[in-house]
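Both ligands and their constituent atoms are indexed starting at 1 by order of listing. In what follows, every heavy atom counts, from backbone to side chain, and hydrogens, waters and symmetry copies are set aside. Numbering starts at 1 and runs along the sequence shown.
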Amino acid sequence: MRRPVIAGNWKMYKKIGEAVEFIAALRPKVAEASHCEVVVAPPFTALQAVAKAAAGSNIQVAAQDVAWEKEGAFTGDVSAPMLCEAGCTHVIIGHSERRQIHGETDERVNRKLKAALEAGLTPIVCVGETLAEREANRTHEILERQFSGGFAALTASDFSRIIIAYEPVWAIGTGRTATPEIAAQSHRYLRSLIAEKIGKSVAEQIRILYGGSVKPDNIQGLMAQEEIDGALVGGASLKRDSFSAIVNYP
Ligand code: 13P
């Protein structure tokens, strides 16, 4: 049984005060949610305050990126041990906005993934094709490339600690959700890659989340797919009522 994960990626929204207020309001709304893990990913500046506000609750905290080195002359970067110190348990790696806006490559994703694992963080690694790639029938090719590069040289035990998020770029922030069947197809393909390259039991255990315009009114259809093990939610995670409705989907 794969335990579902509902994670909210706040992107570059919420100052510290708003973030703390949000957690105080969210806590009672998701306190009974024992069917899934609940994760929120605030901006770096709010991580520590959110971790404190969530202490003792079932809400876990993720960063949205991580450096691959522990420390050094890397202006603007934040390392995995620093994220742990701030109270993070998870970190999002390779989000399409980092790939597109900041030139994140599969090789960098791989280095960041290893740094996160070494520090004891649970990585949530994002993969997904653009609209042009989907329309050119290249979805599998892109997922294969992102998987081979991003997850290179990892062991089966590393995989047991990783969460994958399939986020088709054309569905992010567009209101255009992949149908549950389209999402499940890509999830199945990713799972088949893992089965082939790493092993069948690892592939059966790994959790693959769907991300891209997840809302309270489509979460049930998505979660009805056996292949979909949760959601990485952007816009709808910024409001207490919509995020708690998604968490409480069953
Ligand atoms: P939206 O839910 O706003 O489409 O964003 C998805 C996303 O990028 C989550 O990481």
Side-chain angles (χ1 to χ4, degrees), residues 4-14 18-19 22 26 36-44 46-47 50 59-66 83 88-104 109 112-113 116 121-131 133-134 139 142-143 146 150 162-180 182-184 186-187 190 207-223 225 228-249:
V5 179
I6 302 291
N9 175 9
W10 293 359
K11 309 192 179 185
M12 200 169 70
Y13 290 100
K14 294 194 194 294
E18 296 165 308
F22 180 92
L26 182 68
C36 70
E37 290 176 22
V38 182
V39 182
V40 294
F44 283 129
L47 286 173
V50 164
I59 303 167
Q60 304 178 83
V61 182
Q64 299 175 17
D65 187 28
V66 64
L83 296 180
C88 291
T89 49
H90 294 62
V91 60
I92 297 170
I93 297 175
H95 191 278
S96 63
E97 285 149 21
R98 303 241 29 116
R99 292 178 189 261
Q100 294 192 322
I101 305 167
H102 297 278
E104 185 107 307
V109 168
K112 291 179 174 190
L113 178 47
L121 290 165
T122 300
I124 303 175
V125 186
C126 303
V127 295
E129 79 288 358
T130 62
L131 184 59
E133 289 161 348
R134 170 159 288 269
T139 299
I142 299 302
L143 293 178
Q146 291 173 338
I162 294 172
I163 297 171
I164 297 178
Y166 169 63
E167 298 208 320
V169 180
W170 47 271
I172 295 177
T174 58
R176 184 176 166 182
T177 330
T179 63
I182 289 179
S186 291
H187 286 218
L190 285 164
R207 289 173 296 181
I208 307 181
L209 317 184
Y210 167 76
S213 299
V214 175
K215 307 278 181 245
D217 64 5
N218 60 26
I219 184 69
Q220 281 181 341
L222 290 161
M223 293 307 294
Q225 292 284 337
I228 300 181
D229 305 317
L232 183 55
V233 187
S237 74
L238 294 170
K239 296 247 157 60
R240 177 198 59 184
D241 287 348
S242 51
F243 188 57
S244 60
I246 292 171
V247 168
N248 295 313
Y249 65 86

*Test log, rule side-chain contact (heavy atoms from CB on, under 4.5 Å), inputs Val91 and Lys112*: CA-CA 10 Å; Val91 60; Lys112 291 179 174 190; over 6 Å; no
*Sequence-distant partners of Gln64, side chain to side chain donor-acceptor pair (under 3.5 Å), two or more places apart*: none
*Shortest non-hydrogen separation from Ile172 to Glu97 and the atoms involved*: CG2-OE2, 3.6 Å
*For the residue pair Trp10 and Phe22, categorise the inter-ring angle as parallel (less than 30°), tilted (30 to 60°) or perpendicular (more than 60°).*
perpendicular
For ligand 1, list every N/O pair with the protein closer than 3.5 Å, one pair per line with the distance.
unit_1, atom_1, unit_2, atom_2, d
ligand 1, 2 (O), Ser213, N, 3.4
ligand 1, 2 (O), Gly234, N, 2.9
ligand 1, 3 (O), Gly235, N, 2.8
ligand 1, 4 (O), Gly173, N, 2.6
ligand 1, 4 (O), Ser213, N, 2.8
ligand 1, 5 (O), Lys11, NZ, 3.3
ligand 1, 8 (O), Lys11, NZ, 2.8
ligand 1, 8 (O), His95, NE2, 2.8
ligand 1, 8 (O), Glu167, OE1, 3.4
ligand 1, 10 (O), Asn9, ND2, 3.0
ligand 1, 10 (O), His95, NE2, 2.9
ligand 1, 10 (O), Glu167, OE1, 3.2
ligand 1, 10 (O), Glu167, OE2, 2.9

*Which residues satisfy the side chain to side chain donor-acceptor pair (under 3.5 Å) test with Gln225, sequence neighbours excluded?*
none
*Using side chain to side chain donor-acceptor pair (under 3.5 Å) as the criterion, list what pairs up with Glu129, not counting sequence neighbours.*
Arg134, Tyr166, Trp170
